[in-house]
Every structure is written in structure tokens, then in C-alpha cells.
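Structure, as C-alpha cells:
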Amino acid sequence: MKLAKQYTPNEFEPTIYAMWEQSGAFQPSGKGDPYSMVMPPPNANGNLHIGHALDMNLKDILARWRRMQGRDVAFIPGADHAGFETWVVYERRLHESGSSRFDFTREQLYSQVWDFVDARRGDMELQLRALGISCSWDDLVFTLDEKVIDTVYDTFKSLWDDGLVYRGERIVNYCTTHQTSFADIEVEHKNEKSKLWNIAYPLLDKRGEIVVATTRPETMLGDTAIAVHPDDERYKDLVGTRVQLPITNREIEIVADEHVDMSFGTGAVKVTPAHDPNDFEIAQRHQLNVINIIDEQGKMTNVPAAFMGLTVLEARKKVVASLQASEDLRGSEDIEHSVGHCYKCGTIIEPLMKDQWFLKLEPLAKEAIVKLKEHAIDFYPSQKVNEIIAYLGQIRDWNISRQIPWGIPIPAFVNVDDPKDWIFDTRVDQETIDVDGTTYKREEDTFDTWFSSGQWPYVVTDYLSKGELSRFFPTDVMETGGDLLRQWVSRMIMLSVYRTGEIPFKTVYFHGMVNDEHNQKMSKSKGNVINPMEMVSEFGSDALRMGIISGRSPSQNQAFNRGAVIAGRNFCNKLWNVSRFAEDLIGGQPEVTKPMPKSLADHWIVRQLNEARAAIDTQLEQFRFSEASDTMYHAIWDDVADWYLEVSKVEKNTEMLAWVLDTSLKLAHPFAPFVTETIWQSLGWHDDATDNLISTTWPVDETYDEIAATEFSRFKNLVTEARFVTAELPGNDKYTLLYMDDALIEDNEGLLRHLVRSVDAVKHVDQGKGLRLASSGRDVWLDISEETLYEHQANLERRLAEVHKSIKALEARLENKSYIDKAPEHLVAESRDKLAAEKEHAERLEHELEVLR
RNA sequence: GGGGAAUUAGCUCAGUUGGCUAGAGCGCACGAUUCACAUUCGUGAGGCCACAGGUUCGAGCCCUGUAUUCCCCACCA
């Protein structure tokens, strides 16, 4: 088939992908050592962003490379119901259509969101296909699939039985806009400027007052104590006495608690147990009352009539005004402190008392830490292991309840007559159940999404049920974003060790964030979001894939580099044209066999491709994607296209050329799967219809003659010098190259003329003249007139100065006794050789200049 | 308050255990070109590797400090 002049990716990509999928190449082969990766499931209802493109691409490179190496590869795709994320989107639609979550039952909402997600799921999957992701679609797992829910319930039951799950009234992080609670790590803390108000509470049992400092005066309506440090001399006498709370006039006690920082504010703290986690703990230690004064809408409740129903901020103003009026305010100061926000809508997180399900993570974390300290998991970059150990070492209980209908219902029921009597039961589709004559009402909350995705590796591989894919657990590589270290990676490790006794993956690789071209974080509000699909349609999938990994190192947030994507596109076109040209030269249908190198260039290209393959292997084993891609790029562009193909124009070896092209396509395939497969298919060299590039084998070491390869390197150096020197000469004349007895030149006359455009003749002489090619170390001259040589004198002098400088440096090094004694022998020898060569070079240059003078 | 990362060419970034002339892509300059590719070819310019000390025969890399930037964590009322 005749190929067009330019590669047009969009024309080929969809058919190539369909072909792969139909061929079954994405499914584990069942042959070879298992190699597995699970996909961090993208949101089922969302679009892929540029970060996904990076993430998926890195995994796909590994999958394709390992598959070609003969491994039994499982790259298992997933789709995430993304409980809260999806719910936010859906609830916005509800509001837009004038309804609200309160108009429907949980079942109704669940099925509505199900349909909503189901209608959009295909988009995400199409985008993964557009990126060429070679995952095993037959094994796709949705986080709401039955097997996921079953496992989640089993795990929950097991944790419950082990006493690691408890339900209790605790302070939770509550978003009053979304009306759900969050885990601690989901809260986004930001430093904000605020005021620290000093409020005087009159003493009841003694004369005087006690002044407390607070950033939240409105919560004083719910104060149930004042706390001071037990060692604080200022307040020692007051501990145990009572004060009167301004505005509400309730009486509260002064307690002593270690938590109080004597040096902060006045050293006295108001205690509002229902709306501050620390105060809650103080309250527990001192058996204080708890008064809820803020409801789930963020409005004041259980407060004097004047404050009822106000928002927190309104109440704050009013309380301050009221205190001012009653002269209980003792001034204020500006302060900057950290305030929790909803990561989705920015609403200030309200700490509220709620009955929720919590997981005691400490015992799980301890076991996980043991595994991590044994280095059971390799981390890239390695310092991340310390970060995760540090996090696990101070882990707190995990609130897994979410007050949203979209998610896996928590399988628990409460005795209608006894709020303390909870039982585990999976009949979550029934509002009430009867157990031994007692009626139980179901829990309406759902699990935090991360509770289910935290079990991903053993769920998708069916490890607990010893399913067909269980040979893939533990998985080989978990490649994900650095921001998920706590949220996902740590939980997968804890839950996996808890349920299976094993680590979930052998290696973790963290990629960094993709920022915009000016290294600014991408965000919808800034309008600087780069859509990967637009890149695919503009430059092609391969171009995006090559561009996005270029110059990227693990865990480093880096700018998106459009230039690198363009370079990727150009590379694909280069490869395309290499193939067009090679096909033309070859003519018929070659049999691609082991390479049988004949010419110097043949031996040399075998060596270059051997070396490239070995380097790519090492680099990918160490997850140095960018370097591996670079190695491949230069092997093909520089060695194959610029040298070997140019040589082929003069002396062609059809079998060799076929092997070179074949090998190039293989080496490039993990990085640029579409263009390589397109070429492979259109060449049709491999008769077997099932023989696709994706399923073919990775190149192996081939034999060549080292001496011949090195001879070609020398020849190459001569060409380079000739080009360089003639480029420096004035004008654009053609020159004759003169040489004395030199077989390398004699045998490759034609090649020399072809490769050095400015040389149109090569002549054997007995006596050289003109300008000597001094650095080649051969007896070679450019036959130029004395006049031209004279004009060139300045260049020669400059070069001579450079060489002298280099000689001086080498001599100084070799005169240093410590260097001779301590540096490795081969380096010293190298320096000596180098010095000798430079001296010879200098001599030749001097000789040239002598003639001119 | 604690921790981490970064600082290398005009831009975006590589640089594995220290090894001698620090690389890539894009951009720039000069030149080439009917005959695979202008998404091309050839050649080149451009770097006190943030700064100051130290260790070493030798430092972009290791150590100490400084500056700047970014990120994460934190129950700072």
C-alpha cells in the first residue's frame, strides 16, 4: 500500500484501536509471568483531564512494553461512581430544574443518578480509547458492581466484628451547602485573616471577670465551660468557680485542662463542645454539657430568640455588637489562622455533632507500617515512603459516613426502640427489617467513596474469592497522582494488609500535576484548562502521549509543554516517512529475519539499536519514562533516519533495512502505539492476520561485528568534521577531498560524497595539500585555494587556541599526583589518551598555520 | 508551627551510584534542498548549574548556611 506524504493520525487511530480490541490483545494472554496494574478508576460521569492523560499513558507504556516482553499482562480498567463528586454535579442539576434532594426517596435519587451516570459512562471510556489505552475492557469493574459492594460489606462486617468500626456522636466536618460530612483529610485548610476578640465573662462566685480570646464569638451561645491550663498561676484560684455567660446568662464552670496554651490570647478558652473538636474533647474529659447551636443548614438554633435562624456570620456580628453594648468586649486583634473549607464549593466547614460511623485505623496503620518498614513496597520517588509512614503513624479515626444518596448504603440497622442497638444487615433495600420480633430501621447514610476504592486491588483481581484474575494480586505497579498518597494509597495498603495479609502492590509510582504552560495550576475559574481530547484531535494521540511525558520526573508538578507535543507529532511524521522511504527502497515483500549485517553501517546500526533497546529496558525498569522515550526518539531520528537511511541511498541492504524498520517500530510502539501499528499494518510484511505489532515480541540482542561498527563511527566522525569545516569556509563552493592511502575512505568514496554535500569529488593523492581535517586523525585534506585557506586562518587559530586550552587542562590534571593516585585507573588512562590525541591535533593545526605564515 | 520539593540555555525541563568538553525539545542565527519527510536536512550561537562556605584528586550532584518559589500537613481558641 502506498502511504500518503504526511501522517494523519485522526484517519487511522479509531480503526487501529478497534482492531486491537477485537484481536483480544488487551486481555491477559495467560502465558508468561503475570504483570498487573489496576487503573485508578476515573469518574464514570466525567471527562478525562490532562492529568488522566499522563496517568493512563504512563501505565499504558508499561503495559505495552511488558506485553511485548512476553509477560501475561493485566491492565484492569475501572470506573468510579465517585460518590460525592458525582452527587455535587447531580444535585446542581436538581436545583436547576427547581427540585431538591428532599423531594425524593433515597431509592429514587439513587436510580436517577444511576441513569445519569450510565448515560455518561461511555464518554470516559471513549476518551481512554482515544488515548490508546490498552486496558482489558472485558475485566472492567465499576465501583458499584455487585462484587465490589459484596466485598465492601464483607470488609465492613469484618471490621465491625473486630471492634474496629463504631458508631458515635462526634464532631464531624460538615459542609452546610452540600449537607454532608467529610473525612478530616478531605477538608481544605486555608489561612485567613480574622479577628481575635477578647470577651469578659463576669465571675459569679468572686468579684471580677475572666477574659477569653476567641475567633468565633457567636459560639459563646453554646459555651458550657471555660478552660484554663492547670499550671496557670493567673487562674489557679478560679478553677472550679462559675461565671455568667453574657447574653444567655447561663452559668458555666471554669475547668482546668492541659490542652490550653497559656501563652495564647489570655490563656483562658471558652469551651463550645458541639462546634469545636478540641472543645468536644475537653467536654468529654470534664463531663460537660453539649449544646448544639448550629444546625445542618449553618443556622443558629437553641439560642435566644434574637439570634435564632441567623447564619453563623450574621450571628457573629450580632454577638459582637451585643457584647459591645453590654461593655463585655475587651478589644480585639487581627490574626491569621487556618480555616477549613469544603474542597468542592469553598463553604467554611462547620464542625458539628453528628452520629456517624467511624473506623479505628490505628491497628490497621500499625500493620501497614510494619510492611512499609520492611520495604515491601518500592516507592518512586523513594522519599514518599517516609511521608506515608509519618502519616500512618499519627492517623486518626476515619469518618466513613456520607449523607448523600449516591453511594454504597451502609449496611446497618438500628432498633427503633433502642438507639444504641445497631445490627449489621445487608438488606439495605428495605427501610425496616424484623429480627426476632424486633423492628430495625436502616441507616440512611452511604459509605465514603474511598472506603470502596480503598479496596480496589483485591476487589478487581477477585483475590478473596480466588477468581481467575487472582494470580494478578498483589499487583505490580500502582501508578497514581501524588495527591492521592493519603486519600487512596495509604488506605489501599491498610485495607489490603487487613483483609489479605498482603501488600496490594509491589511498586508505587507517583506522577506530579500537569500545570498550564506557564506553570500555573489549571483551574476552570482561571480558564487555563487544557483538554486532552483537543490535543488528540489537533496533533494526534501519539503526539500528546510523547509530549506529555517529555521531561517529566516523578511527583514533580510541571508545566504542560506544547512544544513537546509538537515534537511528538513531528516524530510520528518522521517515522511515517522513514517507513514510506524504506518501503520504496525495499520494493517487494521482505522476509524479516535475524539481521545479517554486511556493510560497516549495517554492523553499526545493529549495535545502535541493541544499545537503544537495552537502555530503554533499564530506563523503564526504573520508571524513567521521559529518558526512555528520549532514547527511542534519538535512536530512530538520529541513527536510523539521519544516518542509516542516508547510507541506504548509496548502498542498500534490503534485508537489513527491513529489520531496522521492524525493530524501530517495535521500540517506538510503547510510546507511539498508533502510528507504529498503522505502519505495521499497512506494510503488511507479516502475513499472519493475527500478527499485530501490539502482540509481537520486543527486540532482543543481535550479533554484529564490533570492529566494523567502530569503523563506521570513525567514518561518521570524518563526515561530521568535513561538514563542519566546509560550513565555516566562505561561500558555498564544492570541494574535492584528498586522501592518502586510507581504505576506509577509498571504500566509501561515494558515501562520503553523498553525506557531505559540499564535497563533490574524492581523490587519492600521494601528497596532501589545502586544508587538513585535523581532528579526524586521518590523512585527509580539503583541496582549497591558498586564498580561501588564508581567509580561513582566523578559524584555525581559534581552534588551535581551544585545543591548547584543553591540553593545558589535561596536563594540569595529570601533573596532580593525588589525581594519579586516587582516581580510577581507567580515567587516568583516558586522560592520557586524550592528551595525546589533543597534542596530535594541535600539531596538525600548527602545521597548517605554518604553511600560511 | 512542622515536613517536603524546586532553583541548570530565551522558554519548558532532563542530568541514575560525584568523573573530567552539562544535554533535549521548542525558540534563535547562518546555510541547504526536484528525487522519504519544510511536521525536512546541515552547521552554529547561547549556561559563574540561585548565592556563600565546606568535603574531595575531582562537585550540577554530597554536607552546612542563605535567598527565592511552590506544595503538603497541623485541634494557631
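Below, chain A is the first sequence line, B the second, and so on; all start at residue 1. All figures in this text were calculated on a predicted structure; none of them were measured in a lab.
Here A:Lys808 does not pair with A:Glu811 in a salt bridge; the nearest charged N to carboxylate O distance is not below 4.0 Å.
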Detail all sub-3.5 Å separations between protein N/O atoms and N/O atoms belonging to nucleotides 8-12 of chain B.
from  : atom 1 : to       : atom 2 : distance (Å)
B:U12 : O2     : A:Asn561 : ND2    : 3.4

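For A:Tyr509 and A:Phe625, the distance between ring centers is under 6.0 angstrom. Here A:Phe12 and A:Trp576 bring their ring centres to under 6.0 angstrom of each other.
Rounded to whole Å, the distance from CZ on A:Arg562 to P on B:C13 is 16 Å. Distance CG (A:Leu827) to C1' (B:G19): 5 Å, rounded to an integer number of Å. Rounded to a whole Å, the CD atom of A:Glu646 is 13 Å from the C1' atom of B:A32. Between A:Asp733 atom CG and B:G31 atom P the separation is 15 Å, expressed in whole Å.
Under a 3.5 Å cut-off, the side chain of A:His511 and the backbone N or O of A:Leu54 do not form any donor-acceptor pair.
Put simply, the side chain of A:Trp637 reaches to within 4.5 Å of the side chain of A:Asn570, judged on heavy atoms.
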For nucleotides 68-73 of chain B, 5' to 3', base contacts (B), sugar-phosphate-only contacts (S) and non-contacts (-) with protein non-hydrogen atoms under 4.0 Å give ----SS
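With hydrogens and angles left out, the side chain of A:Arg723 and the base of B:U43 share no donor-acceptor pair within 3.5 Å. With hydrogens and angles ignored, no donor-acceptor pair under 3.5 angstrom links the side chain of A:Lys5 to the base of B:U39.
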